[in-house]
Engineer: 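Got a structure here, written out as structure tokens. Questions coming.
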Amino acid sequence: MLNYITLIFSCQLAGELIVQFFGLPLPGPVVGVVLLFAFLVLNRRFGKASQKLDASGIPVELAKVGDALLSNLSLLFVPAGVGIMVHFSLLKNDWLPLSAAILGSTLLTVAVTAGLMVLLSKPNKSEVLSSGKEKPDE
Amino acid sequence: MNDIQEIWVYLSASPLLHLTLTLIAFQAGNFIYRKSGLNPICNPVMLAVIAIVAILVATGTSYDSYIDGAQFVHFLLGPATVALAIPLYRQFDKVRKSALAIIVSLICGSLTAAGSAVSIAWLLGAGKLSIISIAPKSVTAPIAMGIVEQFGGLPSLTAVLVILTGVLGAMLGPFVLNLMGIKDWQARGFALGTASHGIGTARALQVNEVAGAFSGLAMGLNALATAILLPILWKLFF
């Protein structure tokens with residue numbers, strides 16, 4: 001397990017270095033995603049045959065570490081969110097246009113993006129929200 | 001026995017207090033969120049932030065001394081982002097099949113996010129600094145702040161607008177999707193990630209793995225698309 005924690009940190013570190021070195025307009029962790037993805041592809045093709053892989057070909061222990069991090073992803077935004085308390089004075093001047101812009105633009109973006117995704121992709125019956133559910137969420 | 005004040009001084013100097021406060025507040029928020037049947041209105045990030053800000057203000061604690069403890073949680077955001085490669089790998093066959101839909105929706109979504117935010121703010125008479133700072137509001141915070149800095153906006157205002165956008169998209173996005181009758185998990189996840197970055201992705205992951213993978217993908221791609229498109233638009237208009 002520790003080796004996979006190290007792997008994830010190393011991907012982030014390498015991502016940060018690549019971003020700095022090439023001056024890319026991306027955060028280091030996003031490049032880290034590409035690196036970890038490349039590891040998964042290469043590991044499945046060239047990795048030891050004796051290693052334990054799950055159904056989709058991901059090392060079991062790595063999947064455990066990753067799922068533990070991602071199942072609590074919301075928590076990780078809390079400290080940055082609390083930072084709002086420092087900046088409320090910045091919002092004071094233009095609070096009405098800014099809140100209207102956030103509200104209108106965010107909902108419009110959701111509608112445009114989802115609408116185009118549905119229009120352009122082939123319908124896939126098995127991957128939809130079940131209509132029998134009392135309250136469609138997400 | 002030490003008096004309360006001494007204990008308080010001791011505790012507030014150690015990172016343990018605010019680290020624990022963050023965990024407790026989030027778990028309380030999550031408890032309400034789960035009790036509500038994952039109702040997006042009860043977004044756990046929003047509930048935890050409100051509770052913590054209230055406590056910090058009531059006890060006269062500065063954000064700096066709070067973040068001394070909470071930075072340990074904040075730090076994990078990087079490794080968690082890297083771990084998004086795992087759901088993406090699991091769902092990659094689906095991503096490949098929808099490549100065209102993904103590229104077109106991404107570019108249109110990215111332009112809608114920046115264009116409509118800037119237009120609404122401008123129409124309602126926001127100042128120039130505010131208009132610049134809101135342009136990349138749908139992009140994950142470190143990128144959005146970098147973009148705004150380039151144009152002479154206020155990165156700290158952008159950080160606030162980004163967080164508000166994330167929480168609002170995660171809260172109200174699902175209602176828009178339901179209203180439009182969109183049931184496809186790929187489309188739902190992709191839209192949430194494009195409009196409201198990591199906070200939308202956190203929400204999508206909790207509800208469905210396909211939605212989570214597409215949302216994480218959208219978050220990364222939108223960061224890239226906005227970082228490339230906004231400077232081009234900026235040159236065209238100003």
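Given the structure is predicted, the values throughout are model-derived calculations rather than measurements.
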Engineer: At what distance, to the nearest 0.5 angstrom, does CD1 of A:Ile84 lie from OG of B:Ser156?
Structural biologist: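 Here the interatomic distance stands at 12.0 Å.
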
Engineer: In sequence, state the C-alpha distance, the side-chain angles, and the governing distance for B:Phe26 and A:Phe77, and then conclude on ring pair (Phe, Tyr, Trp, His ring centres under 6.0 Å).
Structural biologist: CA-CA 10 Å; B:Phe26 179 73; A:Phe77 288 99; over 10 Å; no

Engineer: Need one label for B:Thr226: side chain, backbone, both or neither, based on atoms under 4.5 Å from any heavy atom in chain A.
Structural biologist: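 It is neither, since no heavy atom gets under 4.5 Å.
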
Engineer: Identify which of A:Gly81, A:Ala68, A:Gly104, A:Gly15 forms the greatest number of heavy-atom pairs closer than 4.5 Å to chain B.
Structural biologist: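 Going by pairs under 4.5 Å, I would pick A:Gly81.
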
Engineer: Heavy-atom pairs under 4.5 Å with chain B - which of A:Gly115, A:Gly66, A:Ala100, A:Ala111 has more of them than the others?
Structural biologist: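 Counting heavy-atom pairs under 4.5 Å, the top option is A:Ala111.
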
Engineer: Could you have a look at B:Ala70, B:Ala48, B:Ser130 and say which one has the most heavy-atom pairs with chain A under 4.5 angstrom?
Structural biologist: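 Greatest number of close heavy-atom pairs with chain A: B:Ser130.
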
Engineer: How close do B:Ile182 and A:Ala114 get, heavy atom to heavy atom, and via which atoms?
Structural biologist: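 Looking at all heavy atoms of both residues, the closest pair is CD1-CB, 3.6 Å.
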
Engineer: Can you confirm whether A:Val118 sits close enough to B:Gln186 that some side-chain heavy atom of one is under 4.5 Å from a side-chain heavy atom of the other?
Structural biologist: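 Not touching, per the 4.5 Å side-chain cut-off.
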
Engineer: In terms of heavy-atom pairs under 4.5 Å, which option from B:Ile134, B:Leu111, B:Leu100, B:Ile50 contacts chain A the most?
Structural biologist: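 Among B:Ile134, B:Leu111, B:Leu100, B:Ile50, the one with the most close pairs to chain A is B:Ile134.
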
Engineer: Quick check on B:Leu124 against chain A: is it the side chain, the backbone, both or neither that has a heavy atom closer than 4.5 Å?
Structural biologist: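 Both parts, backbone and side chain.
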
Engineer: So what's closer than 4.5 Å to chain B heavy atoms on A:Leu62: side chain, backbone, both or neither?
Structural biologist: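 A:Leu62 touches chain B through backbone and side-chain heavy atoms alike.
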
Engineer: Roughly how far, to the nearest 0.5 Å, is the CG atom of A:Leu40 from the CD1 atom of B:Ile86?
Structural biologist: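 B:Ile86 CD1 to A:Leu40 CG: 6.5 Å, rounded to 0.5 Å.
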
Engineer: Between B:Pro231 and chain A, with a heavy-atom cut-off of 4.5 Å, which part of the residue counts as in contact: side chain, backbone, both or neither?
Structural biologist: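 Interface part for B:Pro231: neither.
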
Engineer: Between chain A and each of B:His74, B:Lys137, B:Gln71, count heavy-atom pairs under 4.5 Å; write down the option with the most.
Structural biologist: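 The residue among B:His74, B:Lys137, B:Gln71 with the greatest pair count is B:Lys137.
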
Engineer: Go through the atoms of B:Leu154 and report whether side chain, backbone, both or neither lie under 4.5 Å from a heavy atom of chain A.
Structural biologist: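 For B:Leu154, side-chain heavy atoms alone lie under 4.5 Å from chain A.
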
Engineer: What pair of heavy atoms forms the shortest contact from B:Val45 to A:Ser74, and how long is it?
Structural biologist: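 Nearest heavy atoms, B:Val45 then A:Ser74: CG2-O, 3.4 Å.
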
Engineer: For the candidates A:Leu69, A:Thr109, A:Asp54, which exhibits the highest count of non-hydrogen atom pairs separated by less than 4.5 Å from chain B?
Structural biologist: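 Among A:Leu69, A:Thr109, A:Asp54, the one with the most close pairs to chain B is A:Thr109.
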
Engineer: Work out which heavy atom in B:Cys108 is nearest to a heavy atom in A:Leu116; give both atom names and the distance.
Structural biologist: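 In this case the closest contact between B:Cys108 and A:Leu116 is CB-CD1, 3.4 Å.
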
Engineer: Check whether any side-chain heavy atom of B:Pro87 lies under 4.5 Å from a side-chain heavy atom of A:Leu70, and answer yes or no.
Structural biologist: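 Sidechains of A:Leu70 and B:Pro87: in contact.
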
Engineer: Can you tell me which portion of B:Ile67 sits under 4.5 Å from chain A's heavy atoms? Options are side chain, backbone, both or neither.
Structural biologist: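 Side chain of B:Ile67 only, per the 4.5 Å heavy-atom cut-off to chain A.
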
Engineer: Taking all non-hydrogen atoms of both residues, which atom of A:His87 and which atom of B:Val160 are closest, and how far apart?
Structural biologist: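 That would be CB-CG2, 3.2 Å.
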
Engineer: Count the heavy-atom pairs under 4.5 Å between each of B:Gly127, B:Ala223, B:Ala141, B:Gly115 and chain A, then report the option with the highest count.
Structural biologist: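 Ranked by heavy-atom pairs under 4.5 Å with chain A, first place is B:Gly127.
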
Engineer: Could you go through B:Lys97 and A:Ser121, starting from their C-alpha distance and side-chain angles, then the distance that decides it, and tell me whether this counts as side-chain contact (heavy atoms from CB on, under 4.5 Å)?
Structural biologist: CA-CA 8 Å; B:Lys97 279 184 197 134; A:Ser121 50; over 6 Å; no

Engineer: Within a strict 4.5 Å, meaning less than it, do heavy atoms of the B:Leu161 and A:Leu91 side chains meet?
Structural biologist: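 SC-SC contact between B:Leu161 and A:Leu91 confirmed.
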
Engineer: Heavy-atom pairs under 4.5 Å with chain A: which of B:Leu23, B:Thr22, B:Thr112 has the most?
Structural biologist: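 Most heavy-atom pairs under 4.5 Å with chain A: B:Thr112.
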
Engineer: Using a cut-off of under 4.5 Å for heavy-atom pairs, which of A:Val30, A:Leu108, A:Asn93 has the most such pairs with chain B?
Structural biologist: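 Top option by heavy-atom pairs under 4.5 Å: A:Leu108.
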
Engineer: Measuring from atom CG of B:Leu205 to atom OG of A:Ser71, what distance do you get when rounded to the nearest 0.5 angstrom?
Structural biologist: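 Separation between the atoms: 9.0 Å.
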
Engineer: Heavy-atom distances under 4.5 Å only: say whether A:Val82 touches chain B with side chain, backbone, both or neither.
Structural biologist: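 Both parts, backbone and side chain.
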
Engineer: Just so I understand: if I count every heavy-atom pair under 4.5 Å between each of B:Ile199, B:Val82, B:Ile120, B:Leu157 and chain A, which residue has the most?
Structural biologist: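 Heavy-atom pairs under 4.5 Å are most numerous for B:Val82.
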
Engineer: Report the C-alpha distance between B:Val73 and A:Val78 in whole Å, list the side-chain angles of each, state the deciding distance to 0.1 Å, and finish with yes or no for side-chain contact (heavy atoms from CB on, under 4.5 Å).
Structural biologist: CA-CA 8 Å; B:Val73 170; A:Val78 171; 5.9 Å; no

Engineer: Any chance you could lay out the side-chain contact (heavy atoms from CB on, under 4.5 Å) test for B:Leu76 and A:Leu75, step after step, and finish with the verdict?
Structural biologist: CA-CA 10 Å; B:Leu76 288 173; A:Leu75 163 68; over 6 Å; no

Engineer: Report the distance from atom OG of A:Ser99 to atom CG of B:Leu164, rounding to the nearest 0.5 Å.
Structural biologist: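 Between A:Ser99 OG and B:Leu164 CG, I get 8.5 Å after rounding to 0.5 Å.
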
Engineer: Enter the distance from B:Glu209:CD to A:Asp67:CG here, rounded to the nearest 0.5 Å.
Structural biologist: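 Nearest 0.5 Å value for the CD-CG distance: 7.0 Å.
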
Engineer: Atom OG of B:Ser116 and atom CG of A:Leu107: how far apart are they, to the nearest 0.5 Å?
Structural biologist: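 If I round to the nearest 0.5 Å, the distance is 9.5 Å.
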
Engineer: What part of B:Pro79 gets within 4.5 angstrom of chain A, counting heavy atoms only: side chain, backbone, both, or neither?
Structural biologist: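 B:Pro79 touches chain A through backbone and side-chain heavy atoms alike.
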
Engineer: Got a donor-acceptor contact below 3.5 angstrom from the A:Ser105 side chain to the B:Ala113 backbone?
Structural biologist: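 A pair under 3.5 Å: yes.
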
Engineer: Please step through side-chain contact (heavy atoms from CB on, under 4.5 Å) for the pair B:Asp184 and A:Met117, ending with a clear verdict.
Structural biologist: CA-CA 9 Å; B:Asp184 180 56; A:Met117 274 294 278; 5.5 Å; no

Engineer: Tell me, do B:Tyr89 and A:Val41 make a side-chain contact under 4.5 Å, heavy atoms counted?
Structural biologist: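 The answer is yes, as the side chains (C-beta and beyond) meet within the 4.5 Å cut-off.
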
Engineer: Quick check: closest heavy atoms across A:Asp94 and B:Gly125, and the distance to 0.1 Å?
Structural biologist: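 Closest approach of A:Asp94 to B:Gly125: OD1-O, 4.2 Å.
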
Engineer: Checking A:Leu35 against chain B: side chain, backbone, both or neither under 4.5 Å from a heavy atom?
Structural biologist: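 It is neither, since no heavy atom gets under 4.5 Å.
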
Engineer: Please determine, among A:Asn72, A:Val86, A:Ile58, the option with the most heavy-atom pairs under 4.5 Å with chain B.
Structural biologist: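 Ranked by contacts with chain B, first place is A:Ile58.
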
Engineer: Tell me the closest heavy-atom pair linking A:Leu120 and B:Ala101, and the distance in Å.
Structural biologist: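 Smallest heavy-atom distance, with atoms named: CB-CB, 3.7 Å.
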
Engineer: Check whether A:Phe37 gets within reach of chain B through its side chain, its backbone, both or neither, counting any heavy atom under 4.5 Å.
Structural biologist: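 Both backbone and side chain.
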
Engineer: Using non-hydrogen atoms and a 4.5 Å limit, figure out which bit of B:Leu84 sits close to chain A: side chain, backbone, both or neither.
Structural biologist: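 Backbone plus side chain of B:Leu84, per the 4.5 Å heavy-atom cut-off to chain A.
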
Engineer: I'd like to verify something: which residue of A:Leu96, A:Ile102, A:Val112, A:Leu36 has the highest number of heavy-atom pairs under 4.5 Å with chain B?
Structural biologist: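 Sorted descending by pairs with chain B, the first entry is A:Ile102.
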
